[in-house]
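Note sheet for the following structure.
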Amino acid sequence: MSAVMEEEIKRWTACRKSALVLEIIQGKTTVAEASRQFDIPPSEIESWVDEGKRGLENALRAKPEDVRQQYERQLKDLQEAYGEAMLELRARKKLASPLGQDET
């Protein structure tokens, strides 16, 4: 495989890969057609399809409660990070103000 071809494969974004995998799963195109069209080895595309199918299976097995807990944890982390950022911003404003006095 040429260095140029390897570089092209690396440039495939997750969005492009997922769109191609979805088209293959839906039957809109085949691995062979995609391989010829994009000059990518069929084994590479088949590995993307396998990864996609595994991801779909895992998503179908997920319990709604687990997904909710995951999002609640992420939301809590974001809220904490936002709070810390706001405290730091207030502290910087206070230090930057004349004589360290708060203008608010």
Side-chain angles (χ1 to χ4, degrees):
M1 185 183 305
S2 69
V4 174
M5 189 177 206
E6 287 179 34
E7 187 62 30
E8 284 296 315
I9 292 172
K10 290 178 186 176
R11 289 185 191 167
W12 274 75
T13 63
C15 186
R16 285 182 69 195
K17 283 182 185 179
S18 61
L20 180 61
V21 167
L22 190 58
E23 286 181 4
I24 292 170
I25 291 173
Q26 291 175 342
K28 293 180 180 177
T29 188
T30 65
V31 172
E33 290 171 352
S35 175
R36 282 190 301 273
Q37 181 180 359
F38 299 110
D39 197 27
I40 298 174
S43 60
E44 182 77 18
I45 296 174
E46 287 171 355
S47 70
W48 296 350
V49 172
D50 291 341
E51 282 179 36
K53 287 180 179 177
R54 279 194 303 273
L56 289 172
E57 289 171 2
N58 290 338
L60 291 173
R61 287 189 199 132
K63 295 179 183 175
E65 297 84 19
D66 295 340
V67 174
R68 189 187 86 222
Q69 288 174 353
Q70 177 185 356
Y71 282 115
E72 286 175 350
R73 238 186 342 266
Q74 289 176 344
L75 181 60
K76 183 181 175 189
D77 292 343
L78 287 171
Q79 287 171 336
E80 289 174 1
Y82 177 78
E84 290 173 9
M86 292 308 297
L87 287 174
E88 184 176 338
L89 182 62
R90 287 184 191 141
R92 287 182 184 210
K93 281 184 178 180
K94 191 172 187 177
L95 288 173
S97 67
L99 301 175
Q101 296 176 352
D102 195 4
E103 295 177 9
T104 56

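One is the number of the first residue; the rest follow in order along the sequence.
Through side-chain heavy atoms spaced under 4.5 Å, either directly or across other Ile, Leu, Val, Met, Phe, Trp or Tyr residues, L87 is tied to no other residue. Cluster note: L75 groups with no other residue, as no ILVMFWY side-chain heavy atom lies under 4.5 Å from it.
Partners of E84 by side chain to side chain contact (heavy atoms under 4.5 Å, CB included), not counting sequence neighbours: none found. With sequence neighbours excluded, the residues forming a side-chain hydrogen bond (donor to acceptor under 3.5 Å, both in side chains) with R68 are E72, listed by chain and number. Listed by chain and number, the residues in a side-chain hydrogen bond (donor to acceptor under 3.5 Å, both in side chains) with E88 are R92 (sequence neighbours excluded).
P42 and S35 get closest at one heavy-atom pair: CD-OG, 3.3 Å. Here the closest non-hydrogen pair linking L20 and A34 is CD1-CB, 3.8 Å.
To the nearest 0.5 Å, the span separating OH on Y71 from CG on L78 amounts to 12.0 Å. Put simply, CD on E51 and OG on S18 are 11.5 Å apart, with the number rounded to the nearest 0.5 Å.
No path of Ile, Leu, Val, Met, Phe, Trp and Tyr side chains, each step under 4.5 Å between heavy atoms, connects L22 with I45, placing them in separate hydrophobic clusters.
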Let me have the donor-acceptor pairs involving side chains of residues 24-33, under 3.5 Å, with sequence neighbours excluded, atom names and distances please.
residue: Q26; atom: OE1; partner: K28; partner atom: NZ; Å: 3.3
residue: T29; atom: OG1; partner: E33; partner atom: OE1; Å: 2.9
residue: T30; atom: OG1; partner: E33; partner atom: N; Å: 3.1
residue: E33; atom: OE1; partner: T30; partner atom: N; Å: 3.3

